[in-house]
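Following: one structure in structure tokens, then a few remarks.
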Amino acid sequence: MTSLTKLPEYQSLREHQQSLAGTHLRELFAQDAERGQRFALEAVGIYLDYSKNLITQQTLDLLIGLARATGLEQRIGAMFRGDKINATEGRAVLHTALRAPRDAVVQLDGANVVPDVHAVLDRMSGFCAQVRSGQWKGHTGKPIRTIVNVGIGGSDLGPLMAFEALKHYSQRNLSLRFVSNVDPTDFAEAVQGLNAEETLFVVCSKTFTTLETLANARLARAWCVEALGSEAAVGRHFVAVSTNAEKVAEFGIDTQNMFGFWDWVGGRYSYDSAIGLSLMLAIGPERFSEMLGGFRAMDEHFRTAPLDENLPVLLGLIGVWYNNFWGAESHAVLPYDQYLKRFSAYLQQLDMESNGKQVTLSGERCDYQTGPIIWGEPGTNGQHAFYQLIHQGTKLIPCDFLAFANSLNPRGNQHDLLMANFFAQTEALAFGKTEAQVRADGVPEALVLHKVFQGNRPTNTILFDRLTPAALGKLVALYEHKVFVQGVIWNVNSFDQWGVELGKVLAQRIIPELEDPKAVLAHDSSTNELIRRYRALKS
Ligand code: F6P
């Protein structure tokens, strides 16, 4: 494939950016009284307003042209068809099959994977029904009251984000805790005050070789066995979620108590597989199934809608526009819903582990920017922390603003207060406040420039009716597919993560050097000195 930057469509976008660089959103809105309706799209229950972007119809046409030139339509087909598009690992990418209906057919290497997906979902449902009803008893005969999810990366962030997002729907007499960090403090605090008799550990690891998860699972096992006085307790207090039955058995968890998934599901695309077991325990199989329905609706939309009426495609292309033509380094995701407090953290892995690459699928080094830095916090908290920089700083930070029209916890007019802030922020970012307006307010001359808001700061607004399990499924699939679209444009493999390996290997080398104070150190002078100091300080 021709390098992205050599494509005529890419060159045209560069020229177009130069012609648009001096235009303000104020002018674009003034020129077209219907811009707010024209650059908006409603599909699968989501309203996307993308009018407050530095775009014209020509921009969109050129971006769609770029998408076509990079083969986006064919790549979408290839992913859904189960082609081995994760080329560096020789795997298919079929997280969309995790939410396929029972009667669907998704062939991989000559076999339909959908019956396997539903067999696991059925086992999960059965197990969850037992635990939720108290029928599943711990070693001493007591029902389970707390579930501790042990995992990291996709085996933690997905279930954690979704549990927080759907807490409203959770069974409140079951509590859910998460342990991910190898820092023993994480484990110590997670089991603080728990009664081992009523605690169930869900050990989640796709590979079942991850250092952090295995270390925490060992701590959990020792804690449980010590409290309950018997190795036999493990069978009633531990279940595993993994693709690696051998390692699960080696660890000492009966594979009868294991829920499987497959190598064609990436860790960061996995919380709608068995990796979502702790979530299903919390919200129940029916709500989980509604969530899968939401994912499926977005999958269908992505697969079938024309590019210019396709939510993930539009979000992806608008992101490429700022990343590659306006020099934006980061992208903020700002949910105006407290239940989505971990959504940006979840997206960081989804997006940055997927598209933080610099070698193309054809094996060449990229001569253009790829994945942006993703960050964000829920509104309105962010407004009182970092929005200053978005409004008046020197950096261009495109933002996605997300909100729900109906609160799950209505109290007086507080949801209106939240939403007033939500609408006000994108308005302020787009239109700002001119010097003339500031002077008209009677501001002393010395303060005028300080009080000017240049505006012209781009945002997308994504509005839903209400945060339901289905809405969450749609939202997550929206971003999964947005990341895919961008990966296609940048011609990178969004489904491997070689960049996490080197640190893991070096840590393995350092572990024995910390345990044996006499071990010879042969690192660089900085690392050697830091290790020496650590050894000296450690009591
Ligand atoms: O090291 C990164 C990573 O491989 C992620 O991609 C993954 O989500 C995480 O580690 C956990 O991996 P596992 O589920 O195999 O323990």
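The figures here come from the full heavy-atom set of this structure, side chains too, leaving out hydrogens, waters and symmetry mates. First listed ligand is number 1; within each ligand, the first listed atom is number 1. Along the sequence shown, residues carry numbers from 1.
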Going by heavy atoms, is Glu212 under 4.0 Å from ligand 1? no

Can you label the angle between the Tyr346 ring and the Tyr271 ring as parallel, tilted or perpendicular, going by 30° and 60°? perpendicular

I'd like to check which ligand 1 atoms, numbered from 1 as shown, lie under 4.0 Å from a non-hydrogen atom of Gly153. 8 (O)

Set out, in order, the CA-CA distance, both residues' side-chain angles and the distance that settles salt bridge (Lys or Arg N to Asp or Glu O under 4.0 Å) for Glu89 and Lys84, then state yes or no. CA-CA 9 Å; Glu89 296 180 322; Lys84 301 211 164 142; over 6 Å; no

Considering only the protein, which heavy-atom contact is closest to atom 15 (O) of ligand 1, and what is its distance? Thr207 OG1, 2.6 Å

Give the intermediate values and the outcome of salt bridge (Lys or Arg N to Asp or Glu O under 4.0 Å) for residues Arg533 and Glu529. CA-CA 6 Å; Arg533 283 190 177 255; Glu529 184 57 24; 3.1 Å; yes

Show me the donor-acceptor pairs, under 3.5 Å and distance only, between side chains in residues 114-121 and residues at least two apart or in other chains.
unit_1: His118; atom_1: NE2; unit_2: Ala100; atom_2: O; d: 2.8
unit_1: His118; atom_1: NE2; unit_2: Arg102; atom_2: N; d: 3.4

Please list, in number order, the atoms of ligand 1 under 4.0 Å from a heavy atom of Ser205. 13 (P), 14 (O), 15 (O), 16 (O)

In this structure, atom 1 (O) of ligand 1 is nearest to the protein heavy atom Lys504 NZ, 2.9 Å

Per-atom filter on ligand 1: closer than 4.0 angstrom to a heavy atom of Ile152 are 9 (C), 11 (C)

Given Arg177, which of Val191, Thr199, Leu194, Asn149 fulfils the side chain to side chain contact (heavy atoms under 4.5 Å, CB included) condition? Leu194

If you scan protein heavy atoms around atom 3 (C) of ligand 1, the nearest is Glu353 OE2, 4.2 Å

Check the angle between the aromatic planes of Phe302 and Phe484 and answer parallel, tilted or perpendicular using the 30° and 60° thresholds. perpendicular

Verify the contact flag for atom 10 (O) of ligand 1, where contact means a protein heavy atom under 4.0 Å away. no

If you take the nearest heavy atom of each of Thr210, Asp156, Val500, which one is closest to atom 12 (O) of ligand 1? Thr210

Closest approach of any protein heavy atom to atom 8 (O) of ligand 1, naming residue and atom: Gly154 N, 2.8 Å

Val241 and side chain to side chain contact (heavy atoms under 4.5 Å, CB included): which single residue from Val248, Val150, Val203, Leu277 fits? Leu277

Checking the N or O distance criterion of under 3.5 Å, is ligand 1 in contact with Ser155? yes

If hydrogens are left out, which of Gln497, Arg268, Lys206, Gln349 has an atom nearest to atom 7 (C) of ligand 1, that is, the closest non-hydrogen atom? Gln349

When you look at Asn493 and Thr88, which way does the side chain to side chain donor-acceptor pair (under 3.5 Å) test go after all the steps? CA-CA 8 Å; Asn493 182 1; Thr88 56; 2.8 Å; yes

